[in-house]
Amino acid sequence: MNKWKLVLAGLTVSAFVLSGCGTGNNDDNAKEPKPENADASTEITGNTSDTNENSSEENKDSTVNTDSTDNADSSTDKPTKEDGATETSKTEDKGEPVRILEQPFKFKVNGKEKEETAFLKKSDNQPFSLYVLPEFELTAEEPNKDVLFLTEQDEVYMRIEHFPTEVNWDEIEANVKTQLNAISETVTSIDASQYSLDHAVVYEAVNGDDIVTSVLFQDEKNQSRITIFTKKDHDYRDAFIQMGKTIMKN
């Protein structure tokens with residue numbers, strides 16, 4: 001509305017300037033004496049020509065002023081449009097991330113590379129979602145704990161614990177070591193880069209054929225702990241970890 005008010009005001013000013021110029025010309029002509037001879041007529045004609053030229057110049061000035069007013073209005077409008085675009089961008093930035101329903105997955109089972117399509121699953125027990133391979137199922141185990149298990153062999157599984165924003169990683173890491181020490185006196189620190197992990201800590205304990213692996217994801221979007229229970233002849237550690245690193249809080 002402010003824009004149109006400014007445009008109308010500019011047009012109104014232009015109209016007043018134009019009408020003012022026209023009135024001035026009429027008054028000058030009214031004051032001129034009637035020609036009595038050819039010479040007088042010539043002089044009057046010359047004056048009238050000068051007056052018209054002046055009037056034309058004034059009209060040009062009025063046109064320039066009108067254009068300047070319109071340009072000023074346009075420049076005034078531009079910041080408003082830019083602000084609107086910025087607000088839209090901010091709204092999109094603040095919006096929740098949209099996750100596609102499925103995505104291709106590369107992983108290893110017993111050291112052999114495989115590729116399958118994983119599907120997005122949302123926990124009914126904790127505020128997170130992740131991508132799950134077809135041969136696995138996600139279910140609630142107890143409050144604040146979910147289990148992702150191999151359908152054909154449910155003793156091969158991964159426990160998922162999702163943490164709130166404020167978390168003491170030193171305490172959780174100490175707790176992990178204590179639990180793994182109950183499985184084996186030897187707890188090994190694994191290089192997280194071998195699973196292509198960033199912002200993660202990996203520990204492992206082995207007892208006979210049983211392998212227990214704990215991974216702490218310390219990322220803003222993924223603050224969770226997964227505990228993987230596998231066996232030497234059913235080594236699904238890489239598959240579990242690749243699924244685990246897609247955990248994202250809702």
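Please read all numbers here as calculations on a predicted model, not as lab measurements.
- Here the side chains of Ile183 and Asp210 are not in contact, with every heavy-atom distance at 4.5 Å or above.
- Here the closest non-hydrogen pair linking Ser129 and Asn250 is N-OD1, 3.5 Å.
- Between the side chains of Glu171 and Asn175, no donor-acceptor pair of N or O atoms lies under 3.5 Å.
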Would you please test Phe119 and Leu101 for side chain to side chain contact (heavy atoms under 4.5 Å, CB included) and show each step?
CA-CA 6 Å; Phe119 298 89; Leu101 297 178; over 6 Å; no

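- Interatomic distance, Ser224 OG to Lys249 NZ, rounded to the nearest 0.5 Å: 11.5 Å.
- Here the CD-CG distance, from Glu113 to Asp238, works out to 9.0 Å after rounding to the nearest 0.5 Å.
- Residue Met248 is not grouped with residue Ile226 when hydrophobic side chains (ILVMFWY) are merged at heavy-atom distances under 4.5 angstrom, including chains of intermediate members.
- By the 30° and 60° cut-offs, the orientation of the rings of Phe163 relative to Trp169 is perpendicular.
- Side chains of Glu155 and Phe229 form no contact here, defined as non-hydrogen atoms less than 4.5 Å apart.
- In the hydrophobic clustering of this structure, Ile247 groups with Ile228; members are Ile, Leu, Val, Met, Phe, Trp, Tyr whose side-chain heavy atoms approach within less than 4.5 Å, directly or through other members.
- At a threshold of 4.5 Å between non-hydrogen side-chain atoms, the residues Ile160 and Leu130 count as touching.
- Residues Ser123 and Asn125 have side chains that never bring a donor and an acceptor to within less than 3.5 angstrom of each other.
- Among all heavy-atom pairs drawn from Asn181 and Glu185, the shortest one is OD1-O, 3.4 Å.
- Each of Tyr203 and Tyr195 belongs to its own hydrophobic cluster when Ile, Leu, Val, Met, Phe, Trp and Tyr are linked at side-chain heavy-atom distances under 4.5 angstrom.
- Going from atom CZ of Phe136 over to atom CE of Met158 covers 8.5 Å, rounded to the nearest 0.5 Å.
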For side chain to side chain contact (heavy atoms under 4.5 Å, CB included), just list the numbers for Phe128 and Asn222, CA-CA rounded to whole Å, side-chain angles, deciding distance to a tenth of an Å, and then say yes or no.
CA-CA 9 Å; Phe128 74 86; Asn222 183 4; over 6 Å; no

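- Contact annotation: the side chain of Glu137 approaches that of Phe149 to within less than 4.5 Å [non-hydrogen atoms, C-beta and beyond].
- The minimum heavy-atom distance linking Ser196 with Lys245 is given by the pair O-NZ, 3.4 Å.
- With values rounded to the nearest 0.5 angstrom, Thr230 atom OG1 is found 7.0 Å from Glu204 atom CD.
- Ion pairing between a basic and an acidic side chain is recognised when a charged N comes within 4.0 Å of a carboxylate O; Arg159 and Asp146 show no such pairing.
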Quick one: do Leu120 and Ile100 satisfy side chain to side chain contact (heavy atoms under 4.5 Å, CB included)? Show the steps, please.
CA-CA 7 Å; Leu120 185 66; Ile100 58 176; over 6 Å; no

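- Within the 4.5 Å cutoff, the side chain of Val176 has heavy atoms near those of the Leu216 side chain.
- Of all heavy-atom pairs between Gln194 and Ile190, the closest is OE1-CG2, 3.7 Å.
- Closest approach of Gly208 and Lys232 over heavy atoms only: O-CE, 3.1 Å.
- Residues Met243 and Tyr157 do not share a hydrophobic cluster, clusters being chains of Ile/Leu/Val/Met/Phe/Trp/Tyr side chains in contact below 4.5 Å.
- Tracing side-chain contacts under 4.5 Å through hydrophobic residues (I, L, V, M, F, W, Y), one reaches Ile172 starting from Leu180; they form part of the same cluster.
- Between Arg99 and Thr246, the closest side-chain pair of non-hydrogen atoms falls below 4.5 Å.
- Within 6.0 Å of CD in Glu115 there are more than 12 heavy atoms belonging to other residues, nucleotides or ligands.
- Nearest heavy-atom pair, Ala200 versus Ala192, reported as atom, atom and distance to 0.1 Å: O-CB, 3.7 Å.
- Separating the CD atom in Gln223 from the CD atom in Glu166 is a distance of 8.5 Å, to the nearest 0.5 Å.
- Residues Phe107 and Leu133 are in side-chain contact: their nearest non-hydrogen atoms beyond the backbone lie under 4.5 Å apart.
- Note that OH of Tyr236 and NZ of Lys231 are 13.5 Å apart. Values are rounded to the nearest 0.5 Å.
- A donor-acceptor pair shorter than 3.5 Å cannot be found between the side chains of Glu135 and Thr151.
- Using a cutoff of 4.0 Å between basic side-chain nitrogens and carboxylate oxygens, Asp235 and Arg237 are scored as salt-bridged.
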Could you go through Asp233 and Asp209, starting from their C-alpha distance and side-chain angles, then the distance that decides it, and tell me whether this counts as side chain to side chain contact (heavy atoms under 4.5 Å, CB included)?
CA-CA 8 Å; Asp233 57 347; Asp209 289 337; 5.7 Å; no

